[in-house]
Peer 1: 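Dumping the structure here so I can ask a few things about it.
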Amino acid sequence: MRPALAVGLVFAGCCSNVIFLELLARKHPGCGNIVTFAQFLFIAVEGFLFEADLGRKPPAIPIRYYAIMVTMFFTVSVVNNYALNLNIAMPLHMIFRSGSLIANMILGIIILKKRYSIFKYTSIALVSVGIFICTFMSAKQVTSQSSLSENDGFQAFVWWLLGKYKNYNKANCLCSIGALTFALLMSARMGIFQETLYKQFGKHSKEALFYNHALPLPGFIFLASDIYDHAVLFNKSELYEIPGIGVTLPIMWFYLLMNIITQYVCIRGVFILTTECASLTVTLVVTLRKFVSLIFSILYFQNPFTLWHWLGTLFVFIGTLMYTEVWNNLGTTKSEPQKDNKKN
């Protein structure tokens, strides 16, 4: 029952979270910092009350290790949200972030000296090709809105990677693809760091969730001006009456509140899933959740998505499933009952 509940929480929480995030980003594309701050604050307060027991419960993993992990986690969260302000549609943003397998494999080879099977290398190639197709086709779409002609597709692609279109803020030191690539690699490095910590101190997922959200809060001081500016913009949005409650508030604050709640539901669902199911099941559920979120984003918000985008998406998700060896494990699972019957 609990695994079924966890799967429901993951799909309901994570998919609806994408909806409210896009509603926020469409109205104010640069609102990523205030969204991240609100999510971090909510999860940190909840963890302080129920996990840290108002600070009376000492951490199982030394704080200095959490400080390193938090630096990586905070950077990844801010950069991923910052990428939304760099002319990237939400579907492409989601597809690119699905390329975490590539980053994990590269850093695993470099840092942990791992070696993989041909099957897994093939899956990574599929993911890479899928991301390239979607990136290139999105660049051609941006070209049609700029001064470059469609025949200059490759030039448009290069300029898009460098962030030199007129609708970009040239003062930004990170361009769209650069920001997402950096976040991918940093996230993979954080995963390897967590893996070594859990091997040494044991798995403490709820504790890590709390410290990963509580310790970065002082860092938002450097983003206070941007957070305040967007809070003012949120206050100026049109009023919205919450159905069933009768409370009226600016609609952007309602979107943010729902984003926080759905983000919490999503994280709680993933946590329950990791305690009840094998890692393969967790990976498969999260992958399918990304695919459902992608489809819903395209249909609901009518984002431009060509046949090439669909092909790239198919490559990404087939490659992800191949990497997790879903079919091999399903075959093993089916064969186990037959072996048991023979023994009986």
Peer 1: Between F220 and T36, does the side chain to side chain contact (heavy atoms under 4.5 Å, CB included) criterion hold? Intermediate values first, please.
Peer 2: CA-CA 9 Å; F220 284 99; T36 303; 3.8 Å; yes
Peer 1: Do I118 and F315 sit in one hydrophobic cluster, given that two such residues count as connected whenever their side-chain heavy atoms are within less than 4.5 Å of each other, even indirectly?
Peer 2: no
Peer 1: Determine, step by step, whether M69 and R64 satisfy the side chain to side chain contact (heavy atoms under 4.5 Å, CB included) criterion, reporting the C-alpha distance in whole Å, the side-chain angles of both residues, the deciding distance to 0.1 Å, and the verdict.
Peer 2: CA-CA 9 Å; M69 191 187 307; R64 65 179 181 275; over 6 Å; no
Peer 1: CG of N33 to CG of D226: how many Å apart, nearest 0.5 Å?
Peer 2: 4.5 Å
Peer 1: Considering all heavy atoms of both residues, which atom of M190 and which atom of M72 are nearest to each other, and what is their separation?
Peer 2: CA-SD, 3.5 Å
Peer 1: May I ask you to check whether over 12 heavy atoms, not counting those of L239, lie within 6.0 Å of atom CG?
Peer 2: yes
Peer 1: Could you list all the salt bridge (charged side-chain N to carboxylate O under 4.0 Å, His left out) pairs where at least one residue sits in residues 35-63, not counting sequence neighbours?
Peer 2: E51-K57, D53-R56
Peer 1: Determine whether Q263 and V35 make a side-chain contact, defined as any pair of heavy atoms from C-beta on separated by less than 4.5 Å.
Peer 2: no
Peer 1: Drop me the distance from Y66's OH to L215's CG, to the nearest 0.5 angstrom.
Peer 2: 9.5 Å
Peer 1: Is it true that L185 and I111 fall in one hydrophobic cluster, defined by side-chain heavy atoms closer than 4.5 Å?
Peer 2: no
Peer 1: Heavy atoms, side chains only, cut-off 4.5 Å: are T122 and M322 in contact?
Peer 2: yes
Peer 1: Using 0.5 Å steps for rounding, measure from the CZ atom of F222 to the CD1 atom of I227.
Peer 2: 12.0 Å
Peer 1: Looking at every heavy atom in both A52 and F210, which two are closest together, and how far apart are they?
Peer 2: CB-CE2, 3.7 Å
Peer 1: Provide the closest heavy-atom pair for P216 versus V70 in the form atom of the first, atom of the second, distance.
Peer 2: CG-CG1, 3.2 Å
Peer 1: Heavy atoms only: give me the nearest A44-A214 pair and the separation to one decimal.
Peer 2: CB-CA, 3.7 Å
Peer 1: How about V76 and F182: do any of their side-chain heavy atoms sit closer than 4.5 Å?
Peer 2: no
Peer 1: Please name all residues satisfying side-chain contact (heavy atoms from CB on, under 4.5 Å) with I43, sequence neighbours left out, ordered by chain then number.
Peer 2: L209, H213, Y264, I267
Peer 1: Could you tell me whether a side-chain N or O of S237 sits under 3.5 Å from a main-chain N or O of L233, the two making a donor and an acceptor?
Peer 2: no
Peer 1: Under the ring pair (Phe, Tyr, Trp, His ring centres under 6.0 Å) rule, collect the residues that match up with F254, sequence neighbours excluded.
Peer 2: Y240
Peer 1: Once disulfide (SG to SG under 2.5 Å) is applied, do any residues pair with C15, and if so which ones, sequence neighbours excluded?
Peer 2: none
Peer 1: Between H230 and H28, how do the two ring planes meet: parallel, tilted or perpendicular, split at 30° and 60°?
Peer 2: perpendicular
Peer 1: So among I34, L249, D229, which one has a side chain to side chain contact (heavy atoms under 4.5 Å, CB included) with F234?
Peer 2: I34
Peer 1: Let me confirm one number: the CD1-CD1 distance from I242 to I251, rounded to the nearest 0.5 Å.
Peer 2: 10.5 Å
Peer 1: Please check if the side chain of N17 supplies one atom and the backbone of G13 the other of a donor-acceptor pair under 3.5 Å.
Peer 2: no
Peer 1: Between atom CZ of F37 and atom CZ of F42, what is the distance when rounded to the nearest 0.5 Å?
Peer 2: 13.5 Å
Peer 1: Rounded to the nearest 0.5 Å, how far does CG of L256 lie from CZ of F20?
Peer 2: 11.0 Å
Peer 1: Does atom OH (Y228) have a neighbourhood of more than 12 heavy atoms from anything else shown, all under 6.0 Å?
Peer 2: no
Peer 1: What pairs meet the side chain to side chain donor-acceptor pair (under 3.5 Å) rule with one or both residues in residues 247-259, with sequence neighbours excluded?
Peer 2: Q39-N259, N235-W253
Peer 1: Can you tell if the side chain of R268 reaches within under 4.5 Å of the side chain of K206, non-hydrogen atoms only?
Peer 2: yes
Peer 1: Is there a side-chain contact between K113 and I109, using heavy atoms and a 4.5 Å cut-off?
Peer 2: no
Peer 1: Holding to side-chain contact (heavy atoms from CB on, under 4.5 Å), I want the full list of residues that pass it with A60, two or more places apart in sequence or in another chain.
Peer 2: H204, E207
